[in-house]
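I have placed the structure first, in the form of structure tokens, so that the comments after it can refer back to it.
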Amino acid sequence: MKTISRYIFVLMMLSFGSSVYAQDYYDDEEYYDSEETVATPQKSTYTAPTYEAVDYETGKIESNLPTSGPKEDLEPIEFLNPRADDIFWQKVVYRMIDLREKINFPLYYPEDASDGRESLFAFIFNLMQDGKISGYEYDDAREVFCDATKVSFKDILKKYEILYSIEVDPVTNDTIYHVAESDIPNREVMKFYLKEVWYFDKHSSIFTVKTLAICPILSQETETGLMKYPLFWVPFDMLRPYFAQQEVLLSEKNNGMRLSLDDLFIKRRYGSYIYKTSNVQNRNFLEYCTTSEEAKKEQDLVKTTLLNFEQDLWEY
């Protein structure tokens, strides 16, 4: 029993001595200066981006949280234009976009520009006013985009009696026609024509669609009733660089869910109906369909033709 007690006493003394030695070693300054020690954690230099409510350069005070980053440098998604020899099959389709449909509300609202957004027509109108895009004459029979068919912004203002003011550029002495935001007739543009082409590219083996042009339709009350005036065609590729930098609000439940106008059209997140296709006599449905039921059957026939052509390309 005494032997066991001695062993226990010796072990306790040895453990106590080891702990004292370890404490003395770690308290030694040379331990901390040693290269073998593990470096102490450094404080992170990362700082989370903060929301600046005031732009000190312009003095502008933000009234909302940012929904995305700067869009000035954004560019549209590039698509390869197929060679003429690679187009195995194509079908030109004309559509009508009615902004009174709920799915198209993002293209009509807001009626007055706010929160970095504006209606589709106001956006196109301002681009044309600034000389960034050109409009081309509307013709029922054909669409020709050249200098001879280019429309003048001044003529559009005078023809449809849109209020404007005249300014003179002090440098070039050019006459500038300026339309106030409240005088842009965006509330009178409730429909758009859209020209697109469905085609099969045998080089890449894809069946896809390309939007070619868009045309706003102005509705005005006259002595004879409500008149509709297709204003001008704008090539869609001319608009895409600017559409890529313009936001649209798609969800009322989530105000941060925003796409660009270019995304909206490329993803085809709008409602439309077909009113014409390319044909020998160049007629739209209403010219040879006597009832709305017949016109609806023609629209369904075009949809079925496009669907069947794509399905018949492949074997399963």
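The first residue of the sequence shown is numbered 1, and numbering continues consecutively from there. The basis for the numbers below is simple: all heavy atoms, side chains too, and nothing from hydrogens, waters or symmetry mates. Since the model is a prediction, treat every value here as computed from it, not as a measurement.
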Only residue of F192, Y109, Y108 satisfying side-chain contact (heavy atoms from CB on, under 4.5 Å) with L120 is F192
Please report the shortest heavy-atom distance between K91 and S278, naming the atom on each side. NZ-O, 3.4 Å
Quick one: does W198's side chain get under 4.5 Å of K210's, heavy atoms only? no
Against Y138, only a single residue in F232, Y193, Y229 fulfils ring pair (Phe, Tyr, Trp, His ring centres under 6.0 Å); can you say which? Y193
Residues in side chain to side chain donor-acceptor pair (under 3.5 Å) with Q281, at least two apart? R283
So does E287 have more than 12 non-hydrogen atoms from other groups sitting under 6.0 Å from CD? yes
Are I156 and V144 joined in one hydrophobic group, where the rule is that I, L, V, M, F, W and Y side chains link up if heavy atoms are under 4.5 Å apart? no
Residue list, ring pair (Phe, Tyr, Trp, His ring centres under 6.0 Å) with Y94, at least two apart or on another chain: none
Among F153, Y160, Y164, Y177, which one satisfies ring pair (Phe, Tyr, Trp, His ring centres under 6.0 Å) with F125? F153
Identify, with sequence neighbours excluded, every residue that meets side chain to side chain donor-acceptor pair (under 3.5 Å) alongside D262. R240
Just jot down the ring pair (Phe, Tyr, Trp, His ring centres under 6.0 Å) partners of Y199, sequence neighbours excluded, or say none. none
For F79, the rest of its hydrophobic cluster, which grows through side-chain links under 4.5 angstrom: I77, I266
Could you list the donor-acceptor pairs under 3.5 angstrom formed between side-chain atoms of residues 294-304 and any protein atom two or more places apart in sequence or on another chain?
unit_1	atom_1	unit_2	atom_2	d
E294	OE1	T290	N	3.0
E294	OE1	T290	OG1	3.3
E294	OE2	T290	OG1	3.3
K296	NZ	D300	OD1	3.0
K296	NZ	D300	OD2	3.1
E298	OE1	Y288	OH	3.4
Q299	NE2	I274	O	2.8
T304	OG1	D300	O	2.8

